[in-house]
Amino acid sequence: MLLHLPLSPFRRAAAEAVAAALGVDAVGLAVSTPPDPALGDFAVGCFSASRTLRAAPAALASRVAATFSPGPLLESAAAAGPYVNFRARRAALYADLFARTLTPGGTLVPAAPGAGQTVCIDYSSPNIAKPLSYHHIRSTVIGHALANLHRALGFRVVGINHLGDWGTTFGMILAAFARWGVPEPLTIGGMAERYVAFRKAAETDTSCGDDGRAWFKRLEDGDETARALWRRMREISLTEFDEVYARLGVVFDEVRGESAYEADMPVVLADLERKGLTSISDGALVVDLADCNMPPCLLRKADGATLYATRDLAAAVYRQEQYGFTRSLYVTDSGQALHFAQLKVVLERAGHEWAKRITHVPFGLVRLGGKKTGARTGNVVLLLDVLGEAEAQIDATVARTNPDLTPERRREVARDVGVGAIIFANLQSQREKDVDFELEKVLSFDGDAGPYLQYAHARARSVLRRSGVTDVAALASSADAARLARDEEWQLALKLDAIGDEAARAAESCEPHIVAHYLLELCAAYSRWYALGSQDATLRVLCADDATRAARLALDAAFGATLAGGLAMLGMRAPEEM
RNA sequence: GCGCCCGUAGCUCAGCUGGAUAGAGCAUCGGACUUCGAAUCCGCAGGUCGGGCGUUCGAAUCGCCCCGGGCGCACCA
């Protein structure tokens, strides 16, 4: 893993202070938070330095503290065992926060890390002719969050929806159409029905397999009947998919199916053959990977038809040639780990040094009632149904808690919050954990959940609206940080300051849950501060003292803007009211 | 059989580039709204970090071996 300096200027100053005092490299010094705020704002452990300098960590920490001289960002350093605990200059940190968040286009997430880099992210990538089901949401939402995250950090992002629009599956559906006719008007539901029926028939009727393969061959060979039907299926599917994507607020930079690589595949195969990497095994063209302790990678079936791996190979080359990526991510379920491992090895053997920049970003599967989901078994929940249910429940809640909203506005809010809750639920924990879908659980909106974050945002914005302040940028310069004397205010400020480093960590490890978890903590810090006002009116943002009110409003606005940016990184909306 | 992933409080999960007393939410119990939004906040209680051995000054975190669950492993994607 790459190590770099913290993005927060204050955290960076802490790392550099230790590095300067001890004569070690600041890169790699982890800046953490002391377990008790009374100890300090930032902590740097002297463990790694102790190994290189062959001295006791505690002695090194004392040396750092003794030689520390206050600067514009940090005011003190104290040794506590092996740690050096730093205190930031509060006025400086507040001023920095306000300057970076309250100006138009301001953000605490710097665009430097990704400068000059391009990342391709393959996400969602459903098969056409099957409805988008709940399990599709994982790739869609994780990939979209990773795209937003990288974009926020300054990367050029190419979000790719690599549609599964090619393969024997379509041969089977075409064969089913030939046997039983095309259900009109044709919908995804109709296609899927034929597919399931065909699979079922194939269990007893052995001619089905050959029939399906033959139809796919016809499709590949350009047979016009097959092509026309296939084009129709593709168009109808895309139209239905777009409805769901619009609902989720998910966008792509490139929608390019497997079929787009039809012409490239012979070229890729010829290249591999020329390089002597392929062999024929049982009539199929394969790359033997036994020396890597992997099963062979199948590139062409005995009947001449291409496979998944062939198309992904061609797509990988296309992406490198088209975009020159510095990183290429594939967000798919963990069951495909072997496929991507094979893909990388084959590309490497073909002499593509960029193959090592390809990363599979796996996630655990979604179970339904304890069983694996799948169109083949019919064990699915439609994504639209889940979204609709979430929105209906939120709509009912809003009708109760905020009866002044117009029905139209309420529906908007229900959409933002309902969809947000589903998105957040899918980003909250580590990708690789399997999840068992339970509607009641996904729709429980108390505590650590999407609505908690959006509620905090609505509150922060509501306070700002009531204040009558229209020029937040002016708050940045007029706010007197000395008026922010509460510990709760300071803890909130420290949390805000950390967002850049959290976002960078999330992007680097491809773990959006790092940001999700961070935002929960950020909102908890805000809610704790906000709640002081319900006991004591002088502690409210909108208190009687003008100068104090201005300072608190600046903090409130900084929070609102940062949270909105954080939610946007996860692909969630930040409603003004709810 | 081989390979990969997961196993932390009753439940769902953070914490895992080794480090300061293992943290949240839900559920239970007890508090806090006549005034900035209670979809909130505060508190009580709850843990042999699946088990064992090892490395280390120090292991939930690293290594090895078990146990439990899941997923892959030739013409599906």
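Sequence lines set the chain letters: A, B, ... in the order given, protein chains first and strands last, and positions in each chain run from 1.
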Is there a side-chain contact between A/Ser534 and the phosphate of B/C33, meaning an N or O under 4.0 Å from OP1 or OP2? no
Flag the pair A/Arg483 and A/Asp545 as a salt bridge only when some basic side-chain nitrogen lies within less than 4.0 angstrom of an acidic carboxylate oxygen. yes
I want to check one thing: is the phosphate of B/A39, taken as OP1 and OP2, less than 4.0 Å away from some side-chain N or O of A/Gln454? no
OP1 or OP2 of B/A77 sitting under 4.0 Å from any side-chain N/O of A/Tyr330? no
Separation of atom CG in A/Leu453 from atom P in B/A39, rounded to whole Å: 15 Å
Any strand is fair game: report the nucleotide pairing with B/G63 by Watson-Crick or G-U wobble, both distances under 3.5 Å, or none. B/C53
Give me the distance, rounded to whole Å, that separates B/C4 from B/C44 when you measure between the C1' atoms they each carry. 43 Å
If you measure only the distance, is there a donor-acceptor pair under 3.5 Å linking the side chains of A/Arg549 and A/Ser467? no
Aromatic contact, A/Phe47 with A/Tyr83 (centres under 6.0 Å): yes
Base, sugar-phosphate or nothing for A/Gly167? Non-hydrogen atoms, less than 4.0 Å. sugar-phosphate
Rounded C1' spacing from B/A14 to B/G23 in Å: 7 Å
Heavy atoms under 4.0 Å, any strand shown: does A/Ala337 hit a base, just sugar-phosphate, or nothing? nothing
Among B/C13, B/U40, B/C76, the nucleotide that comes nearest once only the side chain of A/Ser429 is considered: B/C13
Pick the nucleotide of RNA chain B nearest each of A/Ala537 and A/His339; which residue has the one closer to the 5' end? A/Ala537
Check nucleotides 18-25 of chain B against the protein and report each pair of N or O atoms closer than 3.5 Å, with its distance, or say if there are none.
residue : atom : partner  : partner atom : Å
B/G19   : O2'  : A/Tyr83  : OH           : 2.6
B/A20   : N6   : A/Asn85  : OD1          : 2.9
B/A20   : N1   : A/Asn85  : OD1          : 3.3
B/A20   : N1   : A/Asn85  : ND2          : 3.1
B/A24   : O2'  : A/Asp448 : OD2          : 3.0
B/G25   : O4'  : A/Asp448 : OD2          : 3.1
B/G25   : O2'  : A/Asp448 : N            : 3.2

How close or far is atom P of B/A77 from atom OH of A/Tyr123, stated in whole angstroms? 24 Å
Could you measure between the two C1' atoms, the one in B/C64 and the one in B/U56, and give it in whole Å? 16 Å
With rounding to the closest Å, how many angstrom separate the P atoms on B/G47 and B/U8? 15 Å
Are any of the side-chain nitrogens in A/Glu489 or A/Arg486 under 4.0 Å away from the carboxylate oxygens of its partner? no
State the pairing partner of B/U35; accept Watson-Crick or G-U wobble contacts with both distances under 3.5 Å, and report none otherwise. none
A/Thr168 side chain near B/A77 phosphate (N/O to OP1/OP2, under 4.0 Å): yes
Rounded to whole angstrom units, what separation is found between the CD atom of A/Gln535 and the C1' atom of B/C36? 14 Å
Considering only B/C36, B/C13, B/C11, which nucleotide approaches the side chain of A/Val463 most closely? B/C36
Relative to its sugar, using the 90° cut-off around 0, the base of B/C33 is syn
If you measure from the C1' atom in B/G3 to the same atom in B/C41, how many Å do you get, rounded? 49 Å
May I ask you to say whether A/Arg528 pairs ionically with A/Glu488, meaning some side-chain N is under 4.0 Å from a carboxylate O? no
Please determine, for the side chain of A/Arg367, which listed nucleotide (B/C76, B/G70, B/C73) has the closest atom? B/G70
Atom CZ of A/Phe445 and atom C1' of B/C26 are separated, to the nearest Å, by 14 Å
Whole-Å distance separating the OH atom of A/Tyr452 from the P atom of B/U12: 23 Å
Residues A/Asp434, A/Arg367: salt bridge by 4.0 Å N-O rule: yes
Judged by modelled atom types alone, do A/Glu508 and A/His4 share a side-chain donor-acceptor pair under 3.5 Å? yes
B/C36 phosphate, OP1 or OP2: any side-chain N/O from A/Arg459 under 4.0 angstrom? no
Where the side chain of A/Ser527 is concerned, which of B/G70, B/C41, B/C2 is the nearest nucleotide? B/C41
Counter-base of B/C2, judged by Watson-Crick or G-U geometry with both distances under 3.5 Å: B/G72
In Watson-Crick or G-U wobble terms, with both distances under 3.5 Å, the base opposite B/C13 is B/G23
Stacking between A/Tyr530 and B/C36, defined as ring centres under 5.5 angstrom apart with planes under 30°, is that present or not? yes
When the nearest nucleotide of RNA chain B is assigned to A/Arg431 and to A/Pro296 on a heavy-atom basis, which residue is associated with the more 5' position? A/Arg431
Interatomic distance, A/Arg540 CZ vs B/C41 P [rounded to whole Å]: 17 Å
Cation-pi check for A/Phe559 against A/Arg461: NZ or CZ below 6.0 Å from the six-membered ring centre and within 45 degrees of the axis, yes or no? no
Which nucleotide in the list B/G70, B/C76, B/A39 gets nearest to the side chain of A/Leu307? B/C76
Hey, which of A/Asn161, A/Ile128, A/Leu163 is the one that makes side-chain contact (heavy atoms from CB on, under 4.5 Å) with A/Leu238? A/Leu163
Calculate the interatomic distance between A/Asn402 atom CG and B/G37 atom P; express it in whole Å. 10 Å
Nearest-Å distance once atom P is located in both B/G52 and B/A77: 47 Å
Look at all strands and tell whether A/Gly335 reaches a base, only sugar-phosphate, or nothing, counting heavy atoms closer than 4.0 Å. sugar-phosphate
When the C1' atoms of B/G46 and B/U55 are compared, how many Å lie between them, rounded to an integer? 33 Å
Between the side-chain atoms of A/Ser281 and the base atoms of B/A74, is any donor-acceptor pair under 3.5 Å? yes
Any idea which of B/A14, B/G72, B/C36 is nearest the A/Leu542 side chain? B/C36
Please report, rounded to the nearest Å, how far the C1' atom of B/C76 is from the CG atom of A/Asp210. 16 Å
Are A/Arg459 and A/Val463 side-chain neighbours, meaning at least one heavy-atom pair lies under 4.5 Å? no
Which nucleotide wins on minimum distance to the side chain of A/Tyr308, given the candidates B/C36, B/A77, B/U8? B/A77
Which nucleotide in the list B/A39, B/C36, B/A14 gets nearest to the side chain of A/Ile394? B/A39
Is the phosphate of B/A14 approached by A/Lys433 (side-chain N or O, under 4.0 Å from OP1 or OP2)? yes
Atom P, compared across B/G54 and B/A59: separation rounded to whole Å: 12 Å
Assign the ring pair A/Tyr134 / A/Phe437 to parallel, tilted or perpendicular, where the plane angle (0 to 90°) is split at 30° and 60°. tilted
